[in-house]
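Below is one structure, written out as structure tokens; the observations come after it.
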2 protein chains.
Amino acid sequence: MSVKNSKIQLQCIACKSRGESHFSDLKDEDLEILSEHKSCVTYKKNQTLFYEGTRPMGIFCINSGKVKVFKMGSNGKEQILFIAQKGDFLGYRSLLSEEFYGASATVLEPAAICFIPKSDFLKVLHSNPEFFGKLMKAVCHELGVMETKLAQLSQKSVRERLAATILMLKETYGMEGEGSEVIDIVLSREDLANIVGTATETVIRLLSEFKSDKMIALEGKKIKVLDADKLIHEADFYG
Amino acid sequence: MSVKNSKIQLQCIACKSRGESHFSDLKDEDLEILSEHKSCVTYKKNQTLFYEGTRPMGIFCINSGKVKVFKMGSNGKEQILFIAQKGDFLGYRSLLSEEFYGASATVLEPAAICFIPKSDFLKVLHSNPEFFGKLMKAVCHELGVMETKLAQLSQKSVRERLAATILMLKETYGMEGEGSEVIDIVLSREDLANIVGTATETVIRLLSEFKSDKMIALEGKKIKVLDADKLIHEADFYG
DNA sequence: CGAAAACCATGACAAATGTCATGTTTTCTA
DNA sequence: TAGAAAACATGACATTTGTCATGGTTTTCG
């Protein structure tokens with residue numbers, strides 16, 4: 001199979017994923033500007049959008065698929081900061097702080113992603129105070145989320161963090177079932193460990209325990225949440 | 001001794017700490033607006049500016065002194081997110097994301113701090129795109145810093161993190177000496193542990209080791225860095 | 001398809017770190 | 001300034017978590 005990525009045609013104006021994105025309220029003329037030099041490409045699993053330490057040239061807008069954003073440690077272990085999906089965009093943080101990328105982004109599930117050059121993005125941003133304000137609000141919110149993650153990493157046990165992570169994934173990727181929800185994202189145990197901030201083996205062991213305790217079930221690669229209340233208790237939320 | 005805080009007179013326009021702050025480039029008329037309903041107060045050690053979970057009513061601008069910003073865990077342990085000092089301001093993150101405070105702020109060293117009501121701050125912010133942009137850049141930078149902290153907390157040992165923390169404190173609070181630098185901030189072992197994200201006893205033990213190994217010396221409550229290179233090695237920077 | 005690679009699972013063990021107990025020193029404050 | 005409280009220091013020990021080894025299972029890809 002060829003490894004070449006195929007270019008595809010995606011119009012911002014008609015983009016299904018835009019509704020839930022920060023671009024939702026932009027005027028058509030602004031969308032025109034964004035589309036002008038945009039290039040859209042399909043990515044396969046494990047392809048990397050950008051690397052930590054390199055210079056941002058624009059932003060990536062996810063039309064479909066899932067992407068992990070992570071920092072690599074000196075020991076070769078990744079710490080996943082967050083997972084982005086359709087409607088999210090990536091790389092604007094470094095762009096706006098005028099720094100090199102602080103993290104790398106790699107595709108988890110096959111994705112269609114548009115790249116918008118820096119200049120076009122900034123043009124729209126600066127001609128559009130409302131949009132700017134909205135983005136500011138989003139960044140401030142993200143900062144709060146990151147601070148919460150930091151505190152939980154420091155204060156909670158691995159078991160608690162894994163339970164909390166499963167619940168968080170359920171919120172974002174959960175698909176309704178009868179009394180249970182399947183988490184619709186393909187994550188290796190290693191990736192899960194790199195979200196939680198622990199060793200792969202530890203995650204495997206704890207998943208086995210959660211399974212024995214009927215809190216979750218494993219459906220192929222995916223996790224099914226059987227007893228969310230018990231998981232909440234494990235996560236020691238607001239305990 | 002009275003616990004009452006004394007009101008003091010501080011003019012933004014004449015503020016010595018403004019030069020290094022985000023307010024540095026504001027026009028006099030904007031400073032006037034900020035000053036209009038401002039109230040400035042001196043705080044003693046251990047007084048709290050605001051509590052996690054409460055509603056932000058404005059921003060705090062530090063004229064002098066030092067303040068720790070932290071999240072409290074369910075176990076009663078604090079995780080210190082950062083330490084603010086003169087020129088920094090606090091609370092704008094939650095203000096802009098329109099959320100409750102995500103952290104608490106408590107005085108470490110006697111401080112003079114001005115409070116600027118939300119409406120005045122927002123008025124200046126929205127009438128001043130350049131200032132808004134500067135703040136956006138700052139928030140994006142902070143987000144990057146927080147992500148780095150998260151990754152290091154997850155990937156480095158306590159020993160490495162303590163070494164890195166001492167070096168970081170030296171950068172910010174170091175006072176030049178002959179071949180050594182005293183870190184000019186009074187931190188209890190407990191606070192230091194809450195920055196590093198570990199138990200107090202562990203910090204005490206490691207400090208003793210660093211002292212035996214001639215990397216640091218303890219001058220009263222303050223830490224003196226004797227061998228920064230060795231500390232850098234301990235911290236495993238870019239190793 | 002079939003071999004190789006990647007991934008998952010589990011046991012055994014080691015290392016790092018936290019917790020508890022105790023005593024000393026420093027700081028606070030009545 | 002004396003007594004109480006807080007902070008510091010250290011030992012002993014428990015617990016958590018990571019690491020290494022091994023084998024089974026699934027996925028990938030020529």
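Everything numeric here is computed off the predicted structure, so don't read it as measured data.
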Let me know the distance between [atom1] of [X] and [atom2] of [N], rounded to the nearest Å.
X	N	atom1	atom2	value
B/Arg189	C/dT26	CZ	P	12 Å
B/Leu207	D/dC8	CG	P	10 Å
A/Ile204	D/dA21	CD1	P	17 Å
B/Leu192	D/dA9	CG	P	11 Å
A/Lys222	C/dC7	NZ	P	17 Å
B/Glu160	C/dT17	CD	P	9 Å
A/Lys211	C/dC8	NZ	C1'	11 Å
A/Lys45	D/dT27	NZ	C1'	11 Å

Report task. Let me see the working for A/Asp191 and A/Lys68 under salt bridge (charged side-chain N to carboxylate O under 4.0 Å, His left out), right down to the final yes or no. Result -> CA-CA 9 Å; A/Asp191 281 331; A/Lys68 65 175 171 181; 2.9 Å; yes
Query raised in the report: Would you say D/dT27 has OP1 or OP2 under 4.0 Å from some side-chain N or O of A/Lys221?
Result: no
**Report entry** Below 4.0 Å: OP1/OP2 of D/dC8 and any side-chain N or O of B/Thr200
**Finding:** no
Query raised in the report: Which heavy atom of A/Glu20 sits nearest a heavy atom of A/Lys16, and at what distance?
Result: OE2-O, 4.1 Å
Requested in this report: Only counting residues at least two apart or in another chain, list the ones meeting side-chain contact (heavy atoms from CB on, under 4.5 Å) with A/Glu201.
Outcome: A/Ala199, A/Arg205
Report task. Test A/Glu142 against A/Arg93 for salt bridge (charged side-chain N to carboxylate O under 4.0 Å, His left out), laying out the working first. Result -> CA-CA 10 Å; A/Glu142 276 178 53; A/Arg93 207 273 299 154; over 6 Å; no
Restricting to nitrogen or oxygen on both sides, can you table the protein-nucleotides 16-19 of chain D pairs closer than 3.5 Å?
{"residue": "D/dT17", "atom": "OP1", "partner": "A/Val158", "partner atom": "N", "Å": "3.1"}
{"residue": "D/dG18", "atom": "OP1", "partner": "A/Thr198", "partner atom": "OG1", "Å": "3.2"}
{"residue": "D/dG18", "atom": "OP2", "partner": "A/Thr198", "partner atom": "OG1", "Å": "2.3"}
{"residue": "D/dG18", "atom": "OP2", "partner": "A/Ala199", "partner atom": "N", "Å": "3.3"}
{"residue": "D/dG18", "atom": "OP2", "partner": "A/Thr202", "partner atom": "OG1", "Å": "2.9"}
{"residue": "D/dT19", "atom": "O4", "partner": "A/Arg205", "partner atom": "NH2", "Å": "2.8"}

**Report entry** Contact list for residues 53-78 of chain B, test ring-ring contact (aromatic ring centres under 6.0 Å, His included), sequence neighbours left out
**Finding:** B/Phe50-B/Phe60, B/Phe60-B/Phe115
**Report entry** Separation of B/Ile166 CD1 from B/Ile223 CD1 (nearest 0.5 Å)
**Finding:** 5.0 Å
